[in-house]
Structure formats: C-alpha cells, structure tokens
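First comes the structure, then the notes that go with it.
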There are 2 protein chains.
Amino acid sequence: MLNIFKKHIEKFAQVSDAEFEEIKKYFDTKRATKKENLLEAGQICRHHYFVLTGLLRKFYINEKGNEQTTEFAIETWWLTDNFAYERQVPTEFYIQAIEQSTILYISQDNQEKLLRAFPIMERYFRFVYQRAYAAAQKRIKFLFSFSKEEFYFQAVKNHPEFVQRVPQYLIASYLGFTPEYLSEIRKRLIS
Amino acid sequence: MLNIFKKHIEKFAQVSDAEFEEIKKYFDTKRATKKENLLEAGQICRHHYFVLTGLLRKFYINEKGNEQTTEFAIETWWLTDNFAYERQVPTEFYIQAIEQSTILYISQDNQEKLLRAFPIMERYFRFVYQRAYAAAQKRIKFLFSFSKEEFYFQAVKNHPEFVQRVPQYLIASYLGFTPEYLSEIRKRLIS
C-alpha cells in the first residue's frame, strides 16, 4: 500500500529504497470508515493527510448552518487546512472520508523533522505545494468566470468519473446548491 | 536592492553571503513603469516575478471584455501564472505594474537549474508555495462565505493601507464591480 506513496515521491524526487524505509517511519496510516471525520472544526489541525485509497472532502459550516464543501481529495492527493496546520492553531474546517479510505498522515512536527533529515523531501513537497497552488489559482479564475451551473456542466464534461463517484448531495454542497436545485439542473442537462 | 530578496530567503532558509552571490546570478532585475505589462495573454509564461519595490497585479479579460483582476503582489511577493509557467505554455493572464516597480525575475529553466545547484532553495520555494497555497485556500473560503460587498468591507477593515494604495478602479476590477457601484458602496460605508 505504501508503494503508492513511494511512486508519488518518485514523480518529483529520487529516493532509494533504503531512504524510503527511513522516510516512511515519519508517517502513520489509518483506515477511515465512510463519513468518519479525521478533523473537526475547533480542533488544532495536527495532521497532513495523503489519500492512499478512497476519497476525502473538506468542508465548513456556513452562516446558514449548511455544510460548504471546499475541496475533495482522491488517491495521491494531499489534504489539510494548510493555514491552521502550519501554525498549529484550531481549524474552522472538517475533513471527512466520503468512502472507506486508507490514509497516510504526518504531524507538523514530524514533517519538519523529515524535511531536516531528508532535504530531498523539500523538493517533493515543493512540487506538491506548487501544483496545489497552481490548481487553486485556476479554481479562483473559475469562480470568477463561471456561474455555478456552468461550473457543474464543465465538471460533468471534463471529470465524468469524478462526478459519478461523489454522491450528488456532496456535489451540491461543493457548488453551494441545495440538492433539489442540483436535481433540477441535472434534468436540464439530460433533456 | 537585492538585500530585500536575501532577507526574504533568510526568513525560511539559511544561505551564506558567498552562496547568495552565486544564487543571484540566476535572476535578472528590471524597472517597470506604471501600467507596463510584464506578461500579456497569449504569450508563453516565461518568468516568475518577485516584487522588490512597487506593486503588480494579475488580470484576465473576461467574456464581457472587462479586466478581472485576480491577484495583487506587493513587496516580497512572488507572482506568475503558475500553471502556464511550470508547463511553459501560453497564458490567459496579464501581469501589469500598478506603480513604478523594481522586479526581480527568473526563467523557468533558470529556476530549475538554481534548485539543482542549490538544494537549500528547494526549502525556500517550498515555503513560498506553501504559504501562497494556504492563502489561496483562505481566499476560496472567502469567495464562498462573503458577498463582494462584505469582502470589500473586510478589506477596508483589515488592510486599510492596501485599499488606500491601490486605485479604486482596480479594487473594483478585483471585486468584479463597476467603478460606479464601488463608489456607491464607499458612500454607504462612510455614512
């Protein structure tokens, strides 16, 4: 299972088998059941999560009391509340398993120790953050450019397997729709 | 002037004076006049820009033909279209100096050479991207949570010096308002 992580590192940085044996000691793994919360609002954000198998989402409770999903993470994606994680302060977010998932995770303290002991991992995380930042910049442009309806149509067109996999009420939570409104749009899309 | 960059590196990574003398050879500097475009839509995004003095903005032309500003960069901020920069493909964005500015910049090719020659710079850029990503995540939450009016009120409250410094029509371009609508809101704020 950890081979998934090793392969992901090797996309960006070269580590030997011996090095990887040491690197993996800084991490833990856990199985999360469907709907299990790995992180809850008000808790110190202690961990950075890497999805080995399964699917996570990040959300917060908005002023209307609804769950606003802001991100999803599939296999080989990292997820945390980066601001709260770096500063080790309480988060406003929840991180929840959508499916039964296997998660690799590391504490902020261990991540810093790992980076000091294996500077090659600076290169790995530099790429991880660089790509994540580029994706977030693209997302911000999307949020300015497209209505939520257009955003949904784009997602169906460009990532059909993802839209299939995520329950509809969570797609609605990501788009800021009511589930009823999403049903309406889907009917329009089919007709 | 380059001391501003050296101090910024030292926030995250330790480099000796001798190392910095080598590191700085990978960069160029230029003075940009007010309203000068460093990058234009359709061009290959060749450079990563670091503001030594002055102020930049990034924008694109939306489907209505209006300039939608998506980011500002003040002193010690990095700015580029990260997606197009990493892949060396044409951008949809413009990067423009709002004030007369002094800019340090590096090509994608040189940045990669620098990181290979000085792995300590992996640590520096890892922090740069990590912080930028955390800020983008916060911004996405803001875009979901606040109306554009609330966003403006928050900006006036939390970053008054920034709101003072940036011309009102560019604040309007960032918020997706017409300048006239921004005037209206400002009147409401004062009364």
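All chains are named by letter (A, B, ...) in the order of the sequence lines, taking the proteins before the strands, and each is independently numbered beginning at 1. The structure presented is a predicted model; accordingly, all values stated were derived computationally and were not measured.
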### Query
Does some side-chain heavy atom of N62(A) sit less than 4.5 Å from a side-chain heavy atom of F144(B)?
no
### pair K58(A)-Q137(B): side-chain heavy atoms closer than 4.5 Å
yes
Kindly check if the number of other-residue, nucleotide or ligand heavy atoms within 6.0 Å of [atom1] ([X]) is above 12?
X       : atom1 : result
R139(A) : CZ    : yes
K34(B)  : NZ    : no
R31(A)  : CZ    : no
E161(A) : CD    : yes

Is [Y] reachable from [X] through a run of hydrophobic residues whose side-chain heavy atoms are each under 4.5 Å from the next?
X       : Y       : answer
W77(A)  : I103(A) : no
Y94(A)  : L170(A) : no
Y60(B)  : L38(B)  : no
L143(B) : Y174(B) : no

### Query
Can you tell which of R126(A), E92(A), E86(A) has the highest number of heavy-atom pairs within less than 4.5 Å of chain B?
R126(A)
#### Entry: Partner chain B: residue of P119(A), A84(A), S145(A) with the largest heavy-atom pair count (under 4.5 Å)
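Of the candidates given, the most pairs with chain B belong to S145(A).
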#### Entry: Residue pair A134(B) / F83(A): nearest heavy atoms and the distance that separates them
CB-N, 3.8 Å
With a 4.5 angstrom heavy-atom cut-off, could you sort out which part of [X] is near chain A: side chain, backbone, both or neither?
X       : answer
R123(B) : both
F146(B) : neither
E63(B)  : side chain
L115(B) : side chain
K138(B) : side chain

### Query
Between F93(B), Y124(B), Y85(B), F127(B), which residue shows the highest count of heavy-atom pairs closer than 4.5 Å to chain A?
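It is F93(B).
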### Query
For the atom pair CZ (R131(A)) and OH (Y129(B)), what is the distance rounded to the nearest 0.5 Å?
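The OH atom of Y129(B) is 11.0 Å from CZ of R131(A), to the nearest 0.5 Å.
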